[in-house]
**Q** 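Just passing along the structure, written as C-alpha cells.
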Amino acid sequence: MNKLQNGLQGVKSRIVQAARSAGRDPRDILLVAVSKTFPTSAIELAYAAGQHDFGESYVQEALAKMGALAAHSITWHFIGPIQSNKTRVLAERFQWVHSVDRLKVAERLSAQRPSGMPPLNVCIQVNTSGEASKSGCPPAEVLELARSMARLPRIALRGLM
C-alpha cells in the first residue's frame with residue numbers, strides 16, 4: 001500500500017472511531033477528499049483505494065480533471081467561492097455545491113440544473129466569524145435563506161458548511 005492509501009485508511013479509521021464515540025453510524029458519514037491542486041494520478045490512486053467523492057475549488061481545474069477521469073464514477077463537489085458567471089457549469093457538471101451563500105446563486109443553480117439530472121445537492125456556506133474577507137451567509141440570515149432555497153425545484157438543500 002502506498003503513502004496516500006495508508007493516509008486515507010487512517011482517516012477512515014478515525015472517522016469510524018469518532019462516529020462510534022458520538023453514537024452515530026459511520027456509514028452515515030461521507031468523506032470528501034479535497035483534490036484541488038493535486039494531479040489526476042493522485043485522484044486515481046485515492047479512487048482505487050475506495051475514495052469516490054472529491055472536492056474542487058476552481059472550476060477550470062475541476063473540468064480538466066472531470067474530463068481526464070470520466071471513466072471513473074466520481075462524485076464531484078464544488079467547495080470554492082461561487083461566481084455568478086460559473087453557475088451554469090456548476091449546475092451541469094457537479095453533484096454537490098457546498099458554498100451557496102445567497103439566494104441569487106441558489107436560484108441560478110436551480111434554473112440551470114438540467115431537467116434530466118437529479119436535483120443538485122447544496123449546502124449553505126455560513127460565515128460564523130463575521131470576517132469581511134470570508135465568504136458566507138451571516139448566521140442571522142441562514143434560516144430565511146434555507147426557507148427560500150427549499151422552494152427551489154432543481155436543488156436539494158442538504159446542510160450547512
**Q** Show me the pairs that pass salt bridge (Lys or Arg N to Asp or Glu O under 4.0 Å) and involve residues 105-118, at least two apart or across chains.
**A** none

**Q** Ignoring hydrogens and geometry beyond distance, is a side-chain donor-acceptor pair present between Q112 and T87 at under 3.5 Å?
**A** yes

**Q** Answer yes if I29 and V11 sit in the same cluster of Ile, Leu, Val, Met, Phe, Trp and Tyr residues linked by side chain heavy atoms under 4.5 Å apart, and no otherwise.
**A** yes

**Q** Is there a path of hydrophobic side-chain contacts, each under 4.5 Å between heavy atoms, that joins I79 and L69?
**A** no

**Q** Which heavy atom of R93 sits nearest to which heavy atom of L63, and what is that distance?
**A** NH1-CD2, 3.6 Å

**Q** So which pairs with a foot in residues 97-132 pass ring-ring contact (aromatic ring centres under 6.0 Å, His included), sequence neighbours left out?
**A** H77-H98, W96-H98

**Q** Do side-chain atoms of S110 reach the backbone of A106 as a donor and acceptor pair under 3.5 angstrom?
**A** no

**Q** Grouping I, L, V, M, F, W and Y whenever their side-chain heavy atoms are under 4.5 Å apart, do L103 and V142 come out in a common cluster?
**A** yes

**Q** Roughly how far, to the nearest 0.5 Å, is CG of L45 from CZ of F38?
**A** 11.5 Å

**Q** Identify, with sequence neighbours excluded, every residue that meets salt bridge (charged side-chain N to carboxylate O under 4.0 Å, His left out) alongside E92.
**A** R88

**Q** Let me have the donor-acceptor pairs involving side chains of residues 145-161, under 3.5 Å, with sequence neighbours excluded, atom names and distances please.
**A**
| unit_1 | atom_1 | unit_2 | atom_2 | d |
| --- | --- | --- | --- | --- |
| S148 | OG | E144 | O | 3.1 |
| S148 | OG | E144 | OE2 | 3.4 |
| R154 | NH2 | P114 | O | 3.0 |
| R154 | NH2 | M117 | O | 2.2 |
| R158 | NE | N121 | OD1 | 2.7 |
| R158 | NH2 | N121 | OD1 | 3.2 |

**Q** Residues two or more places apart in sequence or in another chain: which of them pass side-chain contact (heavy atoms from CB on, under 4.5 Å) with P26?
**A** V16, A19, R20

**Q** So, using salt bridge (charged side-chain N to carboxylate O under 4.0 Å, His left out) as the criterion, who are the partners of K65 when residues are at least two apart?
**A** E56, E61

**Q** Please name all residues satisfying side-chain contact (heavy atoms from CB on, under 4.5 Å) with S135, sequence neighbours left out, ordered by chain then number.
**A** P81, D101, Q125

**Q** For D28, check salt bridge (charged side-chain N to carboxylate O under 4.0 Å, His left out) against everything at least two apart and list the hits.
**A** none

**Q** Taking side chain as C-beta onward, heavy atoms only, is S129 less than 4.5 Å from N127?
**A** yes

**Q** Using ring pair (Phe, Tyr, Trp, His ring centres under 6.0 Å) as the criterion, list what pairs up with Y47, not counting sequence neighbours.
**A** H52, H72

**Q** State, yes or no, whether a side-chain contact exists between K86 and Q60 at a heavy-atom distance under 4.5 Å.
**A** yes

**Q** Only counting residues at least two apart or in another chain, list the ones meeting side-chain contact (heavy atoms from CB on, under 4.5 Å) with A48.
**A** none

**Q** Main chain of G80, side chain of S99: is a donor-acceptor contact present, judged purely on distance under 3.5 Å?
**A** yes

**Q** Is any side-chain heavy atom of I124 closer than 4.5 Å to one of V126?
**A** yes

**Q** Of all residues at least two apart in sequence or in a different chain, which pass the ring pair (Phe, Tyr, Trp, His ring centres under 6.0 Å) check with F94?
**A** F78

**Q** Are S35 and Q51 close enough that some pair of their side-chain heavy atoms sits under 4.5 Å apart?
**A** no

**Q** Could you pull out all residues at least two apart from P39 that satisfy side-chain contact (heavy atoms from CB on, under 4.5 Å)?
**A** S41, A42

**Q** Less than 4.5 Å apart, any side-chain heavy atom of W76 and any of V32?
**A** no

**Q** Any side-chain heavy atom of L31 within less than 4.5 Å of one from L8?
**A** yes

**Q** Transitively linked via ILVMFWY side-chain contacts under 4.5 Å: V59 with I82?
**A** yes

**Q** Applying a strict under-4.5 Å side-chain criterion to I, L, V, M, F, W and Y, I'd like to know whether M66 and V97 cluster together.
**A** yes

